[in-house]
**Q** 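One structure follows; several queries about it will come next.
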Amino acid sequence: MKLYNTLSRRVEEFAPAGDVVKMYVCGPNLYAPCHVGHAMSYIIFDVLRRHLEYRGFKVKHVQNFTDIEDNIILRAQAQGVSVQELADRHVRQFYRDMDSINVQHAHAYPRASEEIPAIIEIVQGLLASDHAYQADGDIYFRVRSKPDYGKLSGRDLDSLIAGARVEPGEGKEYPADFALWKAAKPGEPSWDSPWGPGRPGWHIECSAMSLKHLGETLDIHGGGQDLIFPHHENEIAQSEAHTGVRPFVRFWVHNGLMRLPESEEKMTRHLGNLIPIDEVLQRWGSDALRIFVLGSHYRSPLTHSEEALQAASRAAERLRLAAALEGGGNEPAVDPEPFRWRFVEAMDDDLNSAGALAALFDLAREINRGRDQGRRTDDAQAALRELSGLLGLTLEEPAGPDRAGAGPFVDLLVELRDRLRAEKLYELADDIRARLADLGIALEDAEGGTRWRRRD
RNA sequence: GGCGACGUAGCCAAGUGGUUAAGGCAGGGGUCUGCAAAACCCCGAUCGUGGGUUCGAUUCCCACCGUCGCCUCCA
């Protein structure tokens, strides 16, 4: 398949270097719960993984948790709990969120706090090779020791410094140097090291964890576009300086960011302009969220909106009904293969999920048409379910937990209404239908009997 | 200020140097239905503005306008 590589700024033909695709995706900082922006990113990499597997590649997927860092330490102190406790709480929430949006679990979820020895080893190596230096117990990476520093984000050191946003920093030799290890301050969690008690800087954890779990060269390293600089730039510098192996990553893949219509700024936790994952799920369901996300290209920014989710929700219903409704007959079967071909071709083209979805909707129409014509549709419906699954769609009705338990009562009303209709008491029957519609229950009088389903 | 991305029908959004510019949602008409719904059929785009390259550009180049991202924690 073809995949855009941030490093080359081009779409390239993708294949793993070995027999397994080594894929590392930057995970969340555990200082707060994830929001739909995270969901967007993890859905996209989930779909990338599913497609690679469909294409016959074996994928090893690793995602980290950041559980040492300024924000999480501050939050824990503010809430009067340990960093560990706060992190654990958000890890549990993370797994619930991933399950609810049908994201396949990674094969490993390393945590920074559990990889300290590996981190220390790398820092030692960088010190020994003069790529790093010590200043008051802090260790900094010497950015000027890497002539190609800036190659991922497309910037040179002069313009970085001229940008004036770089903090000169206490003991730094050079303003753009970044911390590998920070000396402990009072009250902070710390670990023993050859340089005294301290904790790792932010970027080094990913270098250590990817090296340990996947090796010196990754096939794919993913994350949001906001991580390109400085995080991923610094990872490259550290990792390549440490191992001497180039490239650290063969394909850098970055997703566009989600934003809110009011602010038109990206959604991010420190701005507080965010929407929790479960809020979207409870209202619209997982399939609607995925159709919303996958309906545009993964590298484009996406604006969160009620209208877009509403539209995606209706679209999900369309696919669900096409896959589920029975009928048809023994006329020649509907052939799903042309649609499968279109689907795969779109996905192969830099993960064009919008094009793949379009193929799915066309297949749905073909199924519906075939059913009207008395043709066999079971194979086509099976294909629709299978291909939907490659996008992580369940084609199941959203749970709607607030109405749980209402089912039997709706059944009762529907049954009573059917008797009214049999008596031709249409006014009453229509009134029941209208009142149920107000409550979010849609009725359909089909030949085999009345169907009902939830609808906003 | 530096680097980068985007601007396609009412809304969301693919895509292509040249036959009819995907798909979803919303809307209008029709078929079906007791009436609806679902489904099916039909209907909508001078592709931000102005130049340029070309036999021909929405697609390539330049300028401008607008929006956004990174340059600081960030998916």
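What's counted below: heavy atoms across the whole structure, side chains too, no hydrogens, waters or symmetry copies. Numbers restart at 1 for each chain; the letters A, B, ... are given by sequence-line order, proteins then strands.
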**Q** Between C40(B), A22(B), A14(B), spot the one nearest the side chain of Asn352(A), thanks.
**A** A14(B)

**Q** Could you tell me whether Glu366(A) and Arg369(A) have a side-chain N and a carboxylate O separated by less than 4.0 Å?
**A** yes

**Q** Verify the ring-centre separation between Tyr298(A) and Phe45(A): is it less than 6.0 angstrom?
**A** no

**Q** Now, which nucleotide makes the Watson-Crick or G-U wobble pair with A45(B), with each of the two distances under 3.5 Å?
**A** none

**Q** What is the base-pairing partner of C35(B), counting Watson-Crick and G-U wobble geometry with both distances under 3.5 Å?
**A**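 In the structure as shown, C35(B) has no Watson-Crick or wobble partner.
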
**Q** From the options A14(B), A75(B), C35(B), select the nucleotide whose nearest atom is closest to the side chain of Ser41(A).
**A** A75(B)

**Q** For the C1' atoms, the ones on A45(B) and on A13(B), what distance do you get once it is rounded to whole angstrom?
**A**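 Result for the C1' pair: 14 Å, nearest Å.
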
**Q** Side chain of Phe229(A): nearest nucleotide among C71(B), A75(B), A22(B)?
**A**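 When the side chain of Phe229(A) is considered, C71(B) is the closest of C71(B), A75(B), A22(B).
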
**Q** Is there, by distance only and without an angle test, a donor paired with an acceptor across the side chain of Asp226(A) and the base of C73(B) below 3.5 Å?
**A** no

**Q** Do the side chains of Glu188(A) and Lys182(A) get close enough for a salt bridge, i.e. N-O under 4.0 angstrom?
**A**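 Looking at Lys182(A) together with Glu188(A), the answer is no, because their closest N to O distance does not fall below 4.0 Å.
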
**Q** Taking atom C1' in both A57(B) and G52(B), compute the distance separating them and give it to the nearest angstrom.
**A**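 Taking atom C1' in both A57(B) and G52(B), they lie 12 Å apart.
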
**Q** From C-beta outward on Glu69(A), which listed nucleotide comes closest to its side chain: A38(B), G34(B), C73(B)?
**A**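 So the side chain of Glu69(A) is nearest to C73(B).
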
**Q** What integer number of Å spans the C1' atoms of G4(B) and G44(B)?
**A** 35 Å

**Q** Taking 4.0 angstrom as the limit, do Glu317(A) and Arg453(A) come out as a salt bridge?
**A** yes

**Q** From the options G34(B), A22(B), A75(B), select the nucleotide whose nearest atom is closest to the side chain of Ala354(A).
**A** A22(B)

**Q** Please give the nucleotide sitting opposite C40(B) as a Watson-Crick or G-U wobble pair, both distances under 3.5 Å, or none.
**A** G30(B)

**Q** Starting from C1' on A39(B), measure out to CZ on Arg451(A) and report it in whole angstrom.
**A**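 After rounding, the gap between these two atoms is 9 Å.
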
**Q** Got a salt bridge between Asp88(A) and Arg92(A), using NZ or NE/NH1/NH2 to carboxylate O under 4.0 Å?
**A** no

**Q** Would you please classify the geometry between the Trp252(A) ring and the His254(A) ring as parallel, tilted or perpendicular, with 30° and 60° separating the classes?
**A** parallel

**Q** Examine the base of G2(B) for any acceptor or donor lying under 3.5 Å from a partner atom in the side chain of Asp158(A), and report the outcome as yes or no.
**A** no

**Q** Return no unless some side-chain N or O of Arg365(A) is found under 4.0 Å from OP1 or OP2 of C41(B).
**A**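 The answer is yes; a side-chain N or O of Arg365(A) sits under 4.0 Å from OP1 or OP2.
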
**Q** Rounded to whole Å, how long is the line connecting atom CG of Leu302(A) with atom P of A75(B)?
**A** 17 Å

**Q** Between N or O atoms, less than 3.5 Å apart, protein on one side and nucleotides 25-27 of chain B on the other: list the pairs.
**A**
| residue | atom | partner | partner atom | Å |
| --- | --- | --- | --- | --- |
| A26(B) | OP1 | Arg314(A) | NH1 | 2.9 |

**Q** Can you classify the ring geometry of Phe65(A) versus Tyr95(A) as parallel (below 30°), tilted (30 to 60°) or perpendicular (above 60°)?
**A**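 If you compare the ring of Phe65(A) with that of Tyr95(A), the planes turn out perpendicular.
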
**Q** Would you mind pulling out the nucleotide paired to A5(B), Watson-Crick or G-U wobble, both distances under 3.5 Å?
**A**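 U67(B) is the nucleotide pairing with A5(B).
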
**Q** Return the nearest nucleotide to the side chain of Asp362(A); candidates are A75(B), G24(B), G23(B).
**A** G23(B)

**Q** Within the 4.0 Å heavy-atom criterion, would you say Phe292(A) contacts the bases, only the backbone, or no part of the nucleic acid?
**A**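 Nothing, no nucleic acid heavy atom in range.
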
**Q** Roughly how many Å is it from CG in Asn64(A) to C1' in A75(B), rounded to a whole number?
**A** 11 Å

**Q** Take the protein atom CG of Asn273(A) and the nucleotide atom P of A75(B), then report the distance between them rounded to whole Å.
**A** 13 Å

**Q** Give the nucleotide from the list C73(B), A75(B), C40(B) with an atom nearest to the side chain of Asp372(A).
**A** C40(B)

**Q** Please work out if Leu443(A) contacts a base, only the sugar-phosphate, or nothing of the nucleic acid, heavy-atom cut-off 4.0 Å.
**A**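 Base, at least one base atom sits under 4.0 Å.
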
**Q** Decide if the gap between the ring center of Phe178(A) and the ring center of His203(A) is smaller than 6.0 angstrom.
**A**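 Aromatic pair counts; centres sit under 6.0 Å.
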
**Q** Mapping Pro301(A) and Cys26(A) to their closest nucleotides on RNA chain B, which lands nearer the 5' end?
**A** Pro301(A)

**Q** Ignoring hydrogens and angles, state whether a donor on the side chain of Gln79(A) or Arg89(A) is under 3.5 Å from an acceptor on the partner side chain.
**A** yes

**Q** Heavy atoms under 4.0 Å, any strand shown: does His231(A) hit a base, just sugar-phosphate, or nothing?
**A**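 His231(A): no heavy atom of the nucleic acid under 4.0 Å.
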
**Q** Whether the side chain of Arg375(A) engages the backbone of Pro332(A) through a donor-acceptor N/O pair (distance < 3.5 Å, no angle test) should be reported.
**A**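 Yes; at least one donor-acceptor contact below 3.5 Å.
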
**Q** Walk me through whether Asp97(A) and Gln93(A) qualify under side chain to side chain donor-acceptor pair (under 3.5 Å).
**A** CA-CA 6 Å; Asp97(A) 287 340; Gln93(A) 178 73 47; 3.1 Å; yes

**Q** Please state how far atom CG in Leu309(A) lies from atom P in A13(B), giving the value in whole angstrom units.
**A**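 Computing the Leu309(A):CG to A13(B):P distance gives 13 Å.
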
**Q** Kindly point out which of U67(B), C71(B), A22(B) is positioned nearest to the side chain of Ala358(A)?
**A**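 Closest nucleotide among those given: A22(B).
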
**Q** Using whole Å, report how far CG of Asp438(A) lies from C1' of A37(B).
**A**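 Between C1' of A37(B) and CG of Asp438(A): 15 Å.
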
**Q** Pick the closest RNA chain B nucleotide for Asn71(A) and for Leu357(A) by heavy atoms, then say which residue is nearer the 5' end.
**A**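 This one resolves to Leu357(A).
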
**Q** Does C73(B) have OP1 or OP2 under 4.0 Å away from a side-chain N or O of His270(A)?
**A**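 So the side chain of His270(A) is outside the cut-off, no N or O lying under 4.0 Å from OP1 or OP2 of C73(B).
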
**Q** Let's see if you can work this out: which of C40(B), A75(B), A38(B) has an atom nearest to the side-chain heavy atoms of His38(A)?
**A** A75(B)

**Q** Taking atom types as they are modelled, would you say the side chain of Arg433(A) forms a donor-acceptor pair with the base of C35(B) within the 3.5 Å cutoff?
**A**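 By the distance-only test, yes, there is a pair.
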
**Q** Could you tell me the Watson-Crick or G-U partner of C60(B), where both distances fall under 3.5 Å? Say none if there is no partner.
**A**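 Paired with C60(B), as far as the under-3.5 Å criterion goes, is G52(B).
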
**Q** How close or far is atom P of G69(B) from atom CG of Leu257(A), stated in whole angstroms?
**A**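 My rounded result for the distance is 8 Å.
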
**Q** Establish whether the base of G4(B) is bridged to the side chain of Arg9(A) by a donor-acceptor pair shorter than 3.5 Å.
**A** no

**Q** Among the nucleotides C40(B), C70(B), A38(B), which one has an atom lying closest to any side-chain atom of Arg369(A)?
**A** C40(B)

**Q** Within the structure, does a side-chain N or O atom of Arg299(A) lie under 4.0 Å from either OP1 or OP2 of G4(B)?
**A** no

**Q** Under 4.0 Å, heavy atoms only, any strand: does Gly37(A) hit a base, just the sugar-phosphate, or nothing?
**A**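 Base: the residue Gly37(A), judged by heavy atoms under 4.0 Å, touches a nucleobase.
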
**Q** Tell me which nucleotide, if any, is Watson-Crick or G-U wobble paired with A21(B) when both distances must be under 3.5 Å.
**A** none

**Q** I need the NE2-P distance between His232(A) and C71(B), as an integer number of Å.
**A**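 It works out to 13 Å between those atoms.
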
**Q** Look at Lys266(A) and C70(B) and indicate whether a side-chain polar atom (N or O) is within less than 4.0 Å of OP1 or OP2.
**A**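 Lys266(A) to C70(B) OP1/OP2: side-chain N or O found under 4.0 Å.
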
